[in-house]
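Reading through the structure tokens given below for one structure.
Letters A, B, ... mirror the listed sequences (proteins, then strands); counts begin at 1.
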Number of protein chains: 2
Amino acid sequence: MSECQREKEHACALERAIACMPTEEGIEAMSGAFKAMSEPSRLKILLALTQGELCVYHLVQAVGGTQSAVSHQLRILREGKIIRARRDGQNVVYSLADGHVAQLLQTAYEHLSCKGGEEDA
Amino acid sequence: MSECQREKEHACALERAIACMPTEEGIEAMSGAFKAMSEPSRLKILLALTQGELCVYHLVQAVGGTQSAVSHQLRILREGKIIRARRDGQNVVYSLADGHVAQLLQTAYEHLSCKGGEEDA
DNA sequence: ATAATATATGAACAAGTATTCATATATTGA
DNA sequence: TCAATATATGAATACTTGTTCATATATTAT
């Protein structure tokens with residue numbers, strides 16, 4: 001019963017934390033979106049697509065790496081409904097699937113990209 | 001030289017994509033932040049901490065799992081400067097390290113958590 | 001000092017996954 | 001149909017990582 005003391009110390013934050021916690025599906029949805037952007041190779045692809053739709057060949061030029069590696073990552077993003085594919089003649093043209101990811105990329109880009117890093121003493 | 005044709009088709013988007021691409025350090029910073037939030041166990045910890053600082057014991061209650069697993073994830077988040085630790089008597093109290101992550105969590109929470117999912121035909 | 005509580009951590013193991021290589025599929029032009 | 005271009009993908013490999021178990025460290029009270 002010694003933890004009862006602690007129970008009350010920050011009880012309000014704990015209760016709010018429990019109350020605001022999404023369902024498992026919500027957690028999966030959120031972490032899935034973050035996971036899509038958590039690998040450098042995929043993040044580059046997504047950042048490139050914020051500028052407009054691009055075919056695989058151009059994506060390879062924009063992000064580097066081999067065509068095979070890019071295609072594998074494109075499949076992961078496609079299956080996760082993060083991006084959308086459309087055939088255009090010999091090419092397949094990709095674009096971001098919805099605005100949510102674009103918003104997250106924008107927020108991260110503005111907040112993290114331009115700044116070197118913040119050490120706090 | 002056959003790709004020259006393609007070079008021009010979407011050249012503007014490709015050029016913008018190349019122009020907007022962050023440095024490798026920028027990419028690492030962004031993907032690192034996303035990676036912190038890409039695992040359900042860590043995401044839960046971070047979401048809980050958006051409600052205020054919490055000690056490990058309370059975090060375990062808020063997010064579930066064993067104390068050891070939570071502590072391991074806390075270490076990863078701590079070393080990545082995503083969260084901050086402060087000792088308070090027998091307890092160690094954790095809090096979010098900066099507002100950037102909170103902003104990303106907020107954006108994701110609003111955009112992804114409450115909605116079931118969007119299938120597009 | 002000893003016991004109890006709170007947290008951290010090393011080692012081991014199990015999954016998950018990003019890349020490469022080789023090859024398959026699809027589209028276009030001759 | 002055949003060749004060329006564009007993209008996708010299966011298998012194998014190497015690497016990363018999340019969890020568990022056992023144990024270590026730190027703080028407090030007696």
Please state whether the phosphate of C:dT20, meaning OP1 or OP2, lies under 4.0 angstrom from any side-chain nitrogen or oxygen of A:Ser68. no
Taking CG from B:Leu59 and C1' from C:dA6, how many angstroms apart are they, rounded to a whole number? 13 Å
How many whole angstroms separate atom CG of A:Asp88 from atom P of C:dT28? 9 Å
Closest-nucleotide mapping onto DNA chain D: is A:Glu79 or B:Arg87 further toward the 5' terminus? I mean the 5' end. A:Glu79
Under 3.5 Å, which donor-acceptor pairs link side chains of residues 36-43 of chain A to any protein atom two or more places apart or in another chain?
unit_1  : atom_1 : unit_2  : atom_2 : d
A:Ser38 : OG     : A:Lys35 : O      : 2.8
A:Arg42 : NE     : A:Ala36 : O      : 3.1
A:Arg42 : NH1    : A:Gln73 : OE1    : 2.9
A:Arg42 : NH2    : A:Lys35 : O      : 3.1

Would you mind telling me which residue lines up with the more 5' stretch of DNA chain C, A:Lys35 or A:Ala69, judged by nearest nucleotide? A:Lys35
Any N or O donor-acceptor pair under 3.5 Å from the base of D:dT20 to the side chain of B:His72? yes
So, does the side chain of A:Gln67 form a donor-acceptor pair with the base of D:dA8 at under 3.5 Å? yes
The helix from C:dA1-D:dT30 to C:dA30-D:dT1: angle between end helix axes, five pairs per end, rounded to 10 degrees: 20°
Short side-chain N/O contact from B:Gln73 to OP1 or OP2 of D:dT19, under 4.0 Å: yes
Answer yes or no: is there a side-chain heavy-atom contact under 4.5 Å between B:Met21 and B:Ile27? yes
Rounded distance in Å - OH (A:Tyr57) to C1' (C:dT28): 17 Å
Looking at A:Tyr94, does any N or O in its side chain come under 4.0 Å of the phosphate oxygens OP1/OP2 on D:dA8? yes
May I ask you to verify if any side-chain N or O of B:Ser71 is less than 4.0 angstrom from the OP1 or OP2 atom of C:dT7? no
Let me know the distance between CD of B:Glu39 and C1' of D:dT19, rounded to the nearest Å. 11 Å
How many angstroms lie between atom SG of A:Cys55 and atom CD of A:Gln61, to the nearest 0.5 angstrom? 8.0 Å
C:dT20, D:dT7, C:dA18: which one has an atom nearest the side-chain heavy atoms of A:Val92? D:dT7
Measure from the side chain of A:Val56, starting at C-beta and using heavy atoms only, and say which of D:dT7, C:dA18, C:dA8 lies closest. D:dT7
Validation row: B:Glu53, B:His58 side chains within 4.5 angstrom (heavy atoms): no
Base of C:dT5, side chain of B:Gln90 - is there a donor-acceptor contact under 3.5 Å? yes
So, OP1 or OP2 of D:dT27: does either fall under 4.0 Å of a side-chain N or O from B:Asn91? no
Quick one: does B:Leu47's side chain get under 4.5 Å of A:Met30's, heavy atoms only? yes
Under 4.0 Å between a side-chain N/O of B:Ser41 and OP1 or OP2 of D:dT19, yes or no? yes
A:His58 NE2 - D:dA6 C1' separation (whole Å): 12 Å
Under-4.0 Å side-chain N/O to phosphate OP1/OP2 contact, B:Arg75 with C:dT7: no
Shared ILVMFWY cluster between A:Ile76 and A:Val60, side chains joined below 4.5 angstrom? no
Can you list the steps and then say if B:Gln51 with A:Ile18 is a side chain to side chain contact (heavy atoms under 4.5 Å, CB included)? CA-CA 9 Å; B:Gln51 301 305 307; A:Ile18 291 174; over 6 Å; no
Atom pair distance, as rounded to whole Å: CD1 in B:Ile76 and C1' in C:dG10: 14 Å
Whole-Å distance, B:Ile45 CD1 to C:dA8 P, equals 11 Å
Start with the C-alpha distance between B:Leu49 and B:Leu59, add both sets of side-chain angles, then the distance that settles side chain to side chain contact (heavy atoms under 4.5 Å, CB included), and finish with yes or no. CA-CA 8 Å; B:Leu49 291 179; B:Leu59 278 171; 4.0 Å; yes
In whole Å, what is the span from the CE atom of B:Met37 to the P atom of D:dT17? 16 Å
First encountered from the 5' end of DNA chain C, between B:Arg78 and A:Gly89: B:Arg78
